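Taking it in order: structure first as structure tokens, then the write-up.
Computed from a predicted model, the values in this text were never measured in an experiment.
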Amino acid sequence: MGVQLLILAVLLLAAPAVVGGLFLKADKLGGHLVFRWVSGQFLLWAGFQLISVPLIIQEHSFSRLVQLFTGYVAAMALLAVAVEIQRLVKGRKPSPDRTRGQGSGDNPASGVLLWLVFWGVLLLQLVQAVRLSYADTDDAYYVAISSITQEADTMYRKLPYTGGSTLMDIRHGLAPFPIWISFLARMSGMPAITVAKVVLPVVLIAMTYGIFYLFGRVLFPEGGRQLPLFLVFAEVLVLFGNYSIYTAENFLIARSRQGKAALANIVIPFLVFLMLLLLKKLQEKQRIQVSFYLLLGAAAVTGCLCSTLGAFLVCLAVGIAGLLGALCYKRIRVLFPLCACCVPCAAYALIYLLLE
């Protein structure tokens, strides 16, 4: 079990944090460990989507996907290390953007207390998400698909309810988030159901709060106790958001292993965060780096990985924010790279219409 958890820690924590170094220039937060971890995971997710969908459509084996995606992860990690070494040699590595002390009139003790409350409530949520894990009705399909893929070495070629052979379901085949869970299970040797219901809730819930933390760094740049207070307020909303099984809060705590939950709680918030950075850069007339658009494109592709509906929602969000930014700040040219970021989403939507 210890070796299995170590492998998962490398795949879910260490590898994304290393790969995220490729986005160091995307924003001044690029040197922050949380930003590196989240952005690196999005780049790995996007690569998984681009590699897996063609293999699923052509009915290749799951082992072939494992080989190709493992090579992709290794290549991205080596590229990130090479870029980092180059920065060190040239002496141009920027220091991480840190909170600039306490805000005016803040009591340092109250800020420390708020951080303790945040970490305590976060730990409670992580423990409860694992301890109170239950069998959601959708698990009969999604978790079963992950288990069948791991054991049968096929992708969407067996019925999850009976185990019999079937034709590929293109709607689910274009959003292979359960197959990513199978990849983690195959690499670690842990059963897919254990990965889905024990490991992933801890990692994905922590990533969600990591994105909230990045939001707070942008909304409260003066530091002080505003940031931990913002995070505690977000935790309160999650704790009391289970008034329906369809709320984002319910999806976060109880169904984080499902792709649509990742879309609602990770992809869309991170996309909104990137749009906030974009509008801020346009307002301040900053030069937008190519790495920022690459990260935005990775987030768009990840939306397709989580759900076929993600293709539409991502294009809608990027289109509205980009159009408003272009008109308000008179930067019409920004629409062209934003449209390029949405091209993969349009391609997957077209594939769905052609093959459905």
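For Gln283, there are no side-chain hydrogen bond (donor to acceptor under 3.5 Å, both in side chains) partners two or more places apart in sequence or in a different chain. The side chain to side chain contact (heavy atoms under 4.5 Å, CB included) search around Ala46 returns Ala298, Val301, Thr302, not counting sequence neighbours. With sequence neighbours left out, the side-chain hydrogen bond (donor to acceptor under 3.5 Å, both in side chains) criterion links Glu235 to no other residue.
No donor-acceptor pair closer than 3.5 Å links the side chain of Ser256 to the backbone N or O of Ile253. Under a 3.5 Å cut-off, the side chain of Asn250 and the backbone N or O of Tyr246 do not form any donor-acceptor pair. Judged by distance alone, with hydrogens and angles left aside, the side-chain atoms of Thr308 form no donor-acceptor pair with the main-chain N or O of Cys304 at under 3.5 Å. Not a single donor-acceptor pair under 3.5 Å links the side chain of Ser188 to the backbone N or O of Gln4. With Ser39 contributing its side chain and Phe35 its backbone, the two residues share a donor-acceptor pair below 3.5 Å. Between the side chain of Ser146 and the main chain of Pro178, a donor-acceptor pair closer than 3.5 Å is present. In this structure a side-chain-to-backbone donor-acceptor pair under 3.5 Å is missing from Ser307 to Gly303.
Screening residues 151-162 for salt bridge (charged side-chain N to carboxylate O under 4.0 Å, His left out) gives Glu59-Arg157, Asp153-Arg186 as the qualifying pairs, with residues at least two apart or on separate chains. Within the structure, the ring pair (Phe, Tyr, Trp, His ring centres under 6.0 Å) test picks out the following pairs touching residues 271-293 (sequence neighbours left out): Phe215-Phe273, Phe270-Phe273.
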Check: What's the verdict on side chain to side chain contact (heavy atoms under 4.5 Å, CB included) for Leu252 and Ile205, showing C-alpha distance, side-chain angles and the deciding distance?
Finding: CA-CA 7 Å; Leu252 175 63; Ile205 292 173; 3.9 Å; yes
Next item on the list: Assess whether side chain to side chain contact (heavy atoms under 4.5 Å, CB included) is satisfied between Trp115 and Arg225, documenting all intermediate values.
Entry: CA-CA 8 Å; Trp115 279 114; Arg225 63 182 181 182; over 6 Å; no
Item checked: Test ring pair (Phe, Tyr, Trp, His ring centres under 6.0 Å) applied to Phe233 and Phe230, step by step -> CA-CA 5 Å; Phe233 181 70; Phe230 166 73; 7.9 Å; no
Checklist line | Stepwise side chain to side chain contact (heavy atoms under 4.5 Å, CB included) test for Thr149 and Tyr156 | finding: CA-CA 8 Å; Thr149 299; Tyr156 294 104; over 6 Å; no
Check: Run the side chain to side chain contact (heavy atoms under 4.5 Å, CB included) check on Val34 and Ile211 step by step: do they pass?
Finding: CA-CA 8 Å; Val34 175; Ile211 296 172; over 6 Å; no
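Across all their heavy atoms, Asn265 and Ala248 have their closest contact at OD1-O, 3.0 Å. Closest approach of Val314 to Leu271, counting heavy atoms only: CA-CD2, 3.9 Å. Scanning both residues, Gln49 and Leu174, for their nearest heavy atoms gives NE2-O, 3.0 Å. The two atoms that bring Ala196 and Ile181 nearest to each other are CB-CG2, 4.2 Å, heavy atoms only. Taking both residues in full, the closest heavy atoms of Pro201 and Leu126 are given as O-CD2, 4.3 Å, listed atom of the first, atom of the second, then distance. The shortest heavy-atom contact between Met187 and Val66 is SD-CG1, 3.9 Å.
A continuous path of ILVMFWY side-chain contacts below 4.5 Å connects Leu295 to Leu277, so both sit in one hydrophobic cluster. In the hydrophobic clustering of this structure, Leu13 groups with Leu5; members are Ile, Leu, Val, Met, Phe, Trp, Tyr whose side-chain heavy atoms approach within less than 4.5 Å, directly or through other members.
Taking the ring centroids of Phe48 and Trp45, they lie at or beyond the 6.0 Å cut-off. Taking the centre of each ring, Phe177 and Trp180 come in below the 6.0 Å mark.
The environment of Phe312 atom CZ is sparse: at most 12 non-hydrogen atoms of other residues, nucleotides or ligands sit within 6.0 angstrom. In Ile193, the CD1 atom is not crowded: 12 or fewer heavy atoms of neighbouring residues, nucleotides or ligands sit closer than 6.0 Å.
The residue from Gln289, Lys280, His32, Lys281 that alone fulfils the side chain to side chain donor-acceptor pair (under 3.5 Å) condition with Asp27 is Lys281.
Side-chain contact between Leu355 and Ile57: present, with at least one pair of heavy atoms (C-beta onward) separated by less than 4.5 Å.
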Hey, can you pull the donor-acceptor pairs under 3.5 Å for the side chains in residues 330-339, sequence neighbours left out?
none

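Under the 30°/60° scheme for interplanar angles, the aromatic rings of Tyr141 and His172 are found to be tilted.
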